[in-house]
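One structure is given below, encoded as structure tokens.
What you see is a predicted model; the values in this text were computed from it and never measured. Just the heavy atoms: all of them, side chains too, but no hydrogens, waters or symmetry mates, feed the values below.
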Amino acid sequence: MTEGNMWLNDTIGFVPKNSWAIDPFGYSPTMAYLLRRMGFDNMLIQRTHYELKKELAWHKNLEYIWRQSWDAEESTDIFVHMMPFYSYDIPHTCGPEPAICCQFDFARWRGSLYELCPWEQHPQEINQENVQERALKLLDQYRKKSTLYRTNTLLVPLGDDFRYVSVDEAEAQFKNYQLLFDYINSNPSLNAEAKFGTLEDYFQTLREEADRINYSFPGEIGSGLLGGFPSLSGDFFTYADRQQDYWSGYYVSRPFFKAVDRVLEQTLRATEMMMALLLGFCQRSQCEKLSVGFSYKLTAARRNLALFQHHDGVTGTAKDHVVMDYGTRMHTSLLDLQIFMSKGIEALLGIRYDKLDHSPSQFEPELVRSKYDAQPVHKVISVKEGRGYQPVVFFNPLEQTREEVVMVVVDSPDVTVLDSNWSCVPSQLSPELQHDKSKIFTGKHRLHWKASVPAMGLETYFVGNGLLGCEKAMPAKLKFSSKSSLAPCPTPYSCLKIETDVAEIENRHQKLTFDVRHGLLQRISFKNGPQNVVNEEISMYHSPGSGAYLFKPSGDAWPITEEGGQFLISEGPLMQEVFSYPKTAWEKAPISHSTRLYNGENTIQELAVEKEYHVELLGPDFDDRELIVRYKTDIDNKRIFYSDLNGFQMSRRETYDKIPLQGNYYPMPSLAFMQGSNGQRFSVHSRQSLGVASLKDGWLEIMLDRRLIRDDGRGLGQGVTDNRVMNVVFHITLEANISSISNLVSSSLPFQPSLFSHSVGAHLNYPLHAFIAKKQPEVSAQPASPKSFSPLAASLPCDLHVVNFKVPKPLKFLQQPPEDSRFVLILHRRHWDPSYCRKGRSQCKNLANDPVNLFNMFNGLAVLKTKAVSLNLLHEDPEVMGYMEQFGDIAREGNVVMSPMEIQAYRFELRPTQ
């Protein structure tokens with residue numbers, strides 16, 4: 001949105017104040033919050049549940065003030081107009097009777113591009129003979145529609161998809177309506193005035209009327225922003241447009257591209273950050289040339305990501321060839337961003353500056369994608385004898401120093417890891433595995449070690465042949481089920497058979513128990529705390545009524561795993577893993593999965609359980625099937641759970657018997673959790689958007705993929721059968737409450753994630769970016785240049801998240817005077833639940849209760865000319881964004897004072913202190 005808003009302002013001098021969103025399938029309050037903080041005044045929405053529309057219309061609440069659930073000061077209030085009827089087309093916008101309204105769509109003539117009115121009553125051209133009868137018929141619809149709203153100002157949109165494609169069509173609508181308006185306006189007895197106008201005209205006229213006349217109802221909670229309307233909080237999921245047609249299928253459709261969307265988002269953020277660091281720290285013409293020269297591709301990446309946010313893009317509801325176009329655009333931008341980051345590393349580490357802008361980089365990404373619809377693969381590091389040590393550089397896009405167990409793939413088991421001080425680092429070797437029941441070992445090896453990377457900085461490690469007196473990577477011990485038909489034990493590992501039906505893996509905090517016969521998780525036990533039943537189940541729905549938009553299962557899901565699949569345990573000092581290729585009714589299973597525990601002091605990972613599902617819902621065997629994973633726990637959540645909205649806030653969800661199964665499914669962009677009466681909390685963090693439900697007490701199920709052969713009649717005109725091979729990664733956490741519990745059922749406000757939970761989500765969604773040298777040094781010489789880069793003076797408080805740090809207009813960076821404050825920092829203060837262990841589990845050092853001063857944020861860089869701006873960077877007046885006046889004064893002093901949940905943007909200039 002920032003990219004689009006800035007383009008409008010730069011190109012035609014227009015700053016938008018009104019949001020028009022008639023086609024998203026349900027609405028999130030996060031959008032209302034972001035728009036308000038961008039300086040928007042009004043919103044218009046359409047697709048909300050038909051029963052909800054009836055309820056709001058009955059009480060004349062279709063126009064309301066949308067307020068965030070945490071807001072006690074009315075600072076997030078924004079005015080909303082909800083359209084009242086089934087659709088936004090002309091038959092459903094003039095009034096309650098579509099058969100009449102369709103007669104006033106003057107593009108539906110016989111022989112025109114558009115379908116005729118299905119009610120068999122067609123438009124008539126307006127003339128002096130019929131104008132009275134036609135005008136009164138239209139005005140009758142307007143009057144009936146107006147009874148659903150409070151004011152005397154009525155909005156009647158006039159359009160549809162793919163309209164106004166010719167001047168003739170626009171002329172036909174304009175000419176006929178002008179005759180109708182002239183008749184209405186020339187007859188005072190009709191007590192009405194009708195005219196063409198923009199959305200801005202409508203909201204301005206309505207606000208002027210609401211200032212003159214008080215439309216408030218007795219006892220109603222309103223808003224100081226605009227009198228006469230109720231204030232409402234909450235979201236509009238899950239959308240249904242008729243009967244039992246709930247639009248919960250799109251939460252999961254095309255999940256491969258939902259994952260690519262997030263990869264592009266976090267790679268773009270990391271690139272923006274690296275470019276801002278380059279322009280701030282490097283202070284050389286070569287760095288400026290590299291950044292300015294890349295600005296076209298950076299802009300293209302911003303726009304390709306923005307394009308995919310379309311309501312038929314990330315939703316997975318586009319035609320196959322359009323999906324291919326989206327995918328190709330995102331893939332191209334991903335490659336471009338990775339090339340820039342590879343070169344940025346060289347400059348920030350001082351490896352070289354010359355010809356950065358037009359010569360190839362010495363580095364390449366460790367994770368590579370061969371084409372737009374292929375899974376990423378790890379670049380294999382060759383560790384042949386006599387070769388030098390291969391540098392591996394990590395970029396940490398988070399605002400805290402990061403301790404993390406990392407992994408690369410090597411071609412030989414004889415391998416050692418060194419840190420940037422040339423000291424030995426303990427490491428572990430495990431076989432690389434694949435989704436192939438006859439050959440699960442690839443012959444390559446995964447190398448794990450614990451890395452430490454500065455906040456928003458770089459750190460180098462070296463991987464090479466086992467020399468220099470360091471201990472070689474320790475091979476994991478392998479155990480496999482006696483029923484598994486694995487190949488011979490791979491070198492250099494030792495192998496044992498598991499003869500029991502139950503197996504365990506553990507680290508110093510927790511122990512996981514598995515059912516060996518089915519290869520599924522059964523229990524999570526904390527060594528100094530709770531033990532929980534977590535029965536994992538992999539199941540399928542049969543859904544002949546489902547399509548890209550709709551989820552319409554024919555009954556409950558049934559488990560697909562049978563006894564006797566492949567089951568392998570890999571145990572090492574840093575990572576323990578259970579790999580399962582289940583036996584199913586199909587020769588090639590549609591899923592295999594790994595469960596991992598990590599050991600690493602001060603790491604977030606060692607307190608979470610990593611689940612990785614490899615999904616291949618390919619071919620006609622899986623037509624009209626929807627694949628889920630279900631966790632059946634002993635947590636008494638009363639079928640109440642919480643799922644996130646846009647990764648920003650949580651929403652309370654309750655399963656109702658009065659609506660069908662598909663209506664109890666909700667979006668899960670990144671997190672869902674359920675909580676028991678004793679305060680125990682079971683959370684699943686995801687690195688991509690999916691759908692989630694809690695259909696029975698203690699159950700949490702997440703849909704992984706869906707393959708559907710029929711169109712569901714909502715405009716796509718095809719099924720969804722272009723499934724791709726993909727991996728879904730979850731981080732599962734169990735937490736115990738350390739304070740008193742409020743009543744689960746009566747509490748309507750959403751619970752918040754813990755501080756630890758926020759950290760788990762950040763590590764999953766903003767991973768380390770790893771780069772390896774293209775050419776390996778021939779000798780084990782220590783490189784002379786610095787091997788790390790630490791831009792921040794100190795880690796930021798743990799509840800303060802850098803949404804972005806960027807240069808909004810890199811192309812104009814050299815032309816803009818420093819007085820323009822060319823850098824932007826966007827911060828979010830996270831809201832967290834203090835009734836869970838506060839600092840211990842998240843390694844938290846400090847919180848944002850005390851002001852953070854931007855002037856002291858960077859090592860060796862002075863921050864100058866700070867000013868608070870709107871989130872679209874176009875406004876500096878605090879009142880325009882809903883803030884109090886002093887907000888701007890505090891920012892000018894460099895201080896960041898933020899309430900929990902707030903997102904704030906700051907412009908400033910950077911200058912070296914030396």
Partners of [X] by salt bridge (charged side-chain N to carboxylate O under 4.0 Å, His left out), sequence neighbours excluded?
X      : answer
Asp336 : Lys297
Glu616 : Lys588
Lys865 : none
Lys289 : none

Under 4.5 Å between any side-chain heavy atoms of [X] and [Y], yes or no?
X      : Y      : result
Pro454 : Phe789 : no
Leu305 : Gln309 : yes
Leu825 : Phe908 : yes
Met1   : Asn872 : no
Leu34  : Asn646 : no
His763 : His685 : no

Ignoring hydrogens, what is the shortest heavy-atom contact between [X] and [Y]? Give both atom names and the distance.
X      : Y      : answer
Pro810 : Val292 : O-CG2, 3.5 Å
Ala270 : Met341 : CB-CE, 3.7 Å
Tyr493 : Pro475 : CD2-CB, 3.8 Å
Leu768 : Pro397 : CA-CD, 4.4 Å

If you measure from [atom1] on [X] to [atom2] on [Y], what distance do you get to the nearest 0.5 Å?
X      : Y      : atom1 : atom2 : answer
Phe363 : Ile772 : CZ    : CD1   : 10.0 Å
Ser333 : Leu268 : OG    : CG    : 8.5 Å
Glu3   : Leu873 : CD    : CG    : 10.5 Å
Arg724 : Asp373 : CZ    : CG    : 4.5 Å
Gln428 : His445 : CD    : NE2   : 13.0 Å
Lys774 : Lys379 : NZ    : NZ    : 9.0 Å

Any ion pair linking Lys812 and Asp820 (charged N to carboxylate O, less than 4.0 Å)? no
Residues Glu577 and Arg446 bridged, charged N to O under 4.0 Å: yes
Using atom types as modelled and distance alone, determine if a side-chain donor or acceptor of [X] lies under 3.5 Å from a backbone N or O of [Y].
X      : Y      : result
Lys343 : Ser359 : yes
Gln400 : Leu796 : yes
Gln605 : Val405 : yes
Lys787 : Tyr461 : no
Glu288 : Leu279 : no
Asn599 : Pro573 : yes
Asn465 : Val415 : no
Ser361 : Ser342 : yes
Asp411 : Val383 : yes
Arg596 : Glu612 : no

What's the verdict on side chain to side chain contact (heavy atoms under 4.5 Å, CB included) for Lys809 and Asp10, showing C-alpha distance, side-chain angles and the deciding distance? CA-CA 11 Å; Lys809 298 180 181 179; Asp10 292 346; 3.2 Å; yes
Measure up the [X] and [Y] rings against each other and bin them: parallel (under 30°), tilted (30 to 60°), perpendicular (over 60°).
X      : Y      : value
Tyr766 : His801 : tilted
Phe257 : Phe308 : perpendicular
Tyr389 : Trp422 : tilted

What pairs meet the salt bridge (charged side-chain N to carboxylate O under 4.0 Å, His left out) rule with one or both residues in residues 761-773, with sequence neighbours excluded? none
Can you run down the salt bridge (charged side-chain N to carboxylate O under 4.0 Å, His left out) pairs that involve residues 352-361, sequence neighbours left out, and say none if there aren't any? Glu346-Arg352
Partner residues of [X] under the side chain to side chain donor-acceptor pair (under 3.5 Å) criterion, sequence neighbours left out:
X      : value
His731 : Glu610
Thr315 : Thr317
Asp320 : Arg254, Gln718

Hey, do the aromatic rings of Phe579 and His614 have their centres closer than 6.0 Å? no
Contacts of Ser423 that satisfy side chain to side chain contact (heavy atoms under 4.5 Å, CB included) - sequence neighbours left out: Asp419, Asn421
Other residues, nucleotides, ligands: >12 heavy atoms within 6.0 Å of [X] [atom1]:
X      : atom1 : answer
Met474 : CE    : no
Gln283 : CD    : yes
Phe855 : CZ    : yes

Walk me through whether Leu298 and Leu337 qualify under side chain to side chain contact (heavy atoms under 4.5 Å, CB included). CA-CA 7 Å; Leu298 182 74; Leu337 296 171; 4.1 Å; yes
Strictly by modelled atom types, are Glu403 and Thr603 linked by a side-chain donor-acceptor pair under 3.5 Å? no
When the side chains of residues 321-329 are checked against the rest of the protein, which donor-acceptor pairs come out under 3.5 Å, sequence neighbours left out?
| from | atom 1 | to | atom 2 | distance (Å) |
| --- | --- | --- | --- | --- |
| Asp325 | OD2 | Arg329 | NE | 2.9 |
| Thr328 | OG1 | Met324 | O | 2.7 |

By the definition ring-ring contact (aromatic ring centres under 6.0 Å, His included), identify the one residue from Phe858, Tyr906, Phe813 that meets it with Phe823. Phe813
How would you list all residue pairs meeting side-chain hydrogen bond (donor to acceptor under 3.5 Å, both in side chains) that involve residues 266-282, not counting sequence neighbours? Gln266-His769, Glu272-Arg302
Can Arg402 and Phe394 be said to form a side chain to side chain contact (heavy atoms under 4.5 Å, CB included), step by step? CA-CA 11 Å; Arg402 189 162 177 160; Phe394 293 99; over 6 Å; no
